[in-house]
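In what follows, a single structure is set out as structure tokens and then discussed.
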Amino acid sequence: MSAFFTAWRRLALADCKVKLESRADFALIVCGMFFTSVSSGASLYLMLGNAGEIAGYNRYELIFMQGFMFLTYVFESSCCNAMYMLESWLKNGNFVRYYLRPIHPLQMLLLERFHPQGLVVAATGLAFMGFALAHLPGVWSLGFVLQLVVLLPLASITLNAINQMAIASCFFFGEYSPVFHTVGKLTDMSRYPFELFPKLARQVFMLLPLAGIVWWPCQVLLRQQPIWQVAPLMLLIASGSVVALMWLWRAGMQRYAGAGG
């Protein structure tokens with residue numbers, strides 16, 4: 001395991017150095033992430049006003065949930081950028097080289113490509129959360145930080161596993177775009193309070209399980225629900241998502257090999 005992280009660190013640093021040499025591209029990435037992210041938060045802020053609420057959540061709580069969503073996406077944005085190349089590698093035959101390396105191909109997707117846009121996503125998420133917490137008296141405390149440290153990685157693992165399952169659908173359908181964009185719309189909706197949606201939609205979100213991305217953690221962080229009631233459930237959701245991803249990946253690889261790939 002230490003060899004894996006050493007190799008990943010060296011590749012990530014080298015790849016980041018290469019990308020940052022093209023400062024114009026990196027500046028465009030920063031500007032694009034900044035303006036699209038701020039526009040969503042500003043829309044909520046201006047729409048609700050000082051006294052406005054949505055499903056019992058004020059504008060600062062909603063902005064906090066937006067920021068939490070950004071932070072859950074940091075790992076995928078930084079370290080899993082190569083998963084979007086899976087369809088191309090399957091079609092052009094380059095995926096075969098993963099079979100010839102002494103490491104699981106799913107892990108190779110993490111080693112293959114690092115992107116510095118994750119740094120921008122992290123800064124945006126922290127800015128959103130910091131702004132919200134400055135206007136939410138009584139929320140910030142040492143206990144809050146400890147709960148965030150426990151819940152955020154579990155939410156990030158769940159989001160990443162769900163998205164990688166959507167990408168792996170190209171093993172079965174030949175392309176991942178329809179599935180991935182549909183799943184992306186659903187995961188994007190999970191940044192909002194589930195009380196906002198009709199009962200049937202909430203039940204579907206619970207089963208998918210999108211509740212483990214933002215809604216459950218924010219019940220602890222914003223609504224003082226005991227963490228011992230939520231953390232085991234989120235651990236189960238994250239573990240189940242990873243197990244489902246590994247099962248889908250193995251089934252897809254068997255299908256790919258069986259097709260003569």
Side-chain angles (χ1 to χ4, degrees), residues 37-38 40-76 121-163 184-241:
S37 304
V38 170
S40 63
S43 298
L44 283 173
Y45 184 84
L46 296 173
M47 180 177 65
L48 292 178
N50 286 324
E53 293 185 348
I54 294 180
Y57 292 79
N58 63 44
R59 64 182 180 180
Y60 299 111
E61 291 176 315
L62 293 171
I63 290 173
F64 179 90
M65 296 176 78
Q66 299 267 326
F68 190 90
M69 183 67 172
F70 281 118
L71 290 185
T72 63
Y73 184 60
V74 169
F75 172 67
E76 180 178 320
V121 176
T124 303
L126 290 173
F128 272 50
M129 291 178 64
F131 175 77
L133 289 172
H135 295 83
L136 291 172
V139 174
W140 176 263
S141 65
L142 177 59
F144 173 89
V145 176
L146 295 176
Q147 291 172 345
L148 182 65
V149 169
V150 171
L151 298 174
L152 183 60
L154 295 176
S156 182
I157 290 171
T158 301
L159 176 63
N160 184 253
I162 290 174
N163 284 336
K185 295 298 182 182
L186 290 172
T187 54
D188 190 59
M189 291 171 67
S190 69
R191 73 176 66 190
Y192 300 103
F194 277 19
E195 294 90 341
L196 178 66
F197 302 105
K199 183 177 180 180
L200 179 59
R202 293 200 304 269
Q203 293 173 343
V204 171
F205 288 160
M206 291 290 188
L207 293 174
L208 282 176
L210 301 182
I213 300 176
V214 176
W215 191 75
W216 277 121
C218 287
Q219 297 307 298
V220 175
L221 299 172
L222 297 178
R223 296 302 170 95
Q224 286 74 51
Q225 184 169 348
I227 190 173
W228 59 266
Q229 294 180 352
V230 174
L233 178 60
M234 287 190 59
L235 178 61
L236 179 62
I237 291 173
S239 302
S241 299

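All residue numbers refer to positions in the sequence shown, counting from 1.
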### Summary
To the nearest 0.5 Å, atom CD1 of I63 lies from atom CE of M65 at 12.5 Å
### Query
Does R59 make a cation-pi contact with F64 (under 6.0 Å, within 45 degrees of the axis)?
no
### Task
Take the angle between the ring planes of Y60 and H135 and call it parallel below 30°, perpendicular above 60°, tilted in between.
parallel
### Query
Who passes salt bridge (charged side-chain N to carboxylate O under 4.0 Å, His left out) against E76, sequence neighbours left out?
none
### Task
Mind running side-chain contact (heavy atoms from CB on, under 4.5 Å) on Q225 and V230 for me, showing each step along the way?
CA-CA 8 Å; Q225 184 169 348; V230 174; 3.7 Å; yes
### Summary
Taken in chain and number order and not counting sequence neighbours, the residues that satisfy side-chain contact (heavy atoms from CB on, under 4.5 Å) with K199 are R202, Q203
#### Entry: F194 and F197 aromatic ring geometry - parallel, tilted or perpendicular at 30°/60° bounds
perpendicular
### Query
Checking T72 side chain against S156 main chain: does a donor-acceptor pair fall under 3.5 Å?
no
### Check: Q66 and Y192 side chains under 4.5 Å, non-hydrogen atoms
yes
### Query
Side chains of L148 and F68: does their closest heavy-atom pair fall under 4.5 Å?
yes
### Query
Hey, what do you get for CE (M129) to OG1 (T124), rounding to the nearest 0.5 Å?
13.0 Å
#### Entry: Heavy-atom side-chain contact between L235 and S239 under 4.5 Å
yes
### Query
Hey, does L62 have a side-chain heavy atom less than 4.5 Å from the side chain of N58?
no
### Query
Can you tell me how far OG of S241 sits from CD1 of I157, rounded to the nearest 0.5 angstrom?
9.5 Å
### Task
Kindly give the heavy-atom pair with the smallest separation between M234 and A155, and that separation in Å.
CE-N, 3.8 Å
### Message
I'd like to check L154 versus I237 (side-chain heavy atoms, cut-off strictly below 4.5 Å). Are they in contact?
### Response
no
### Message
Rounded to the nearest 0.5 Å, what separates atom CD in Q147 from atom CG in L142?
### Response
10.0 Å
### Summary
Distance col, row I227:CD1 vs L151:CG, nearest 0.5 angstrom, shows 4.5 Å
### Query
Hey, does W140 have a side-chain heavy atom less than 4.5 Å from the side chain of V145?
yes
### Task
With side-chain contact (heavy atoms from CB on, under 4.5 Å) as the test, would you mind laying out the steps for V74 and F70 before giving the verdict?
CA-CA 7 Å; V74 169; F70 281 118; 5.9 Å; no
Mind listing the side-chain donor-acceptor pairs of residues 208-222 below 3.5 Å, one per line with the distance, residues two or more places apart or on another chain?
residue: W215; atom: NE1; partner: E195; partner atom: OE1; Å: 3.1
residue: Q219; atom: NE2; partner: Y57; partner atom: OH; Å: 2.9

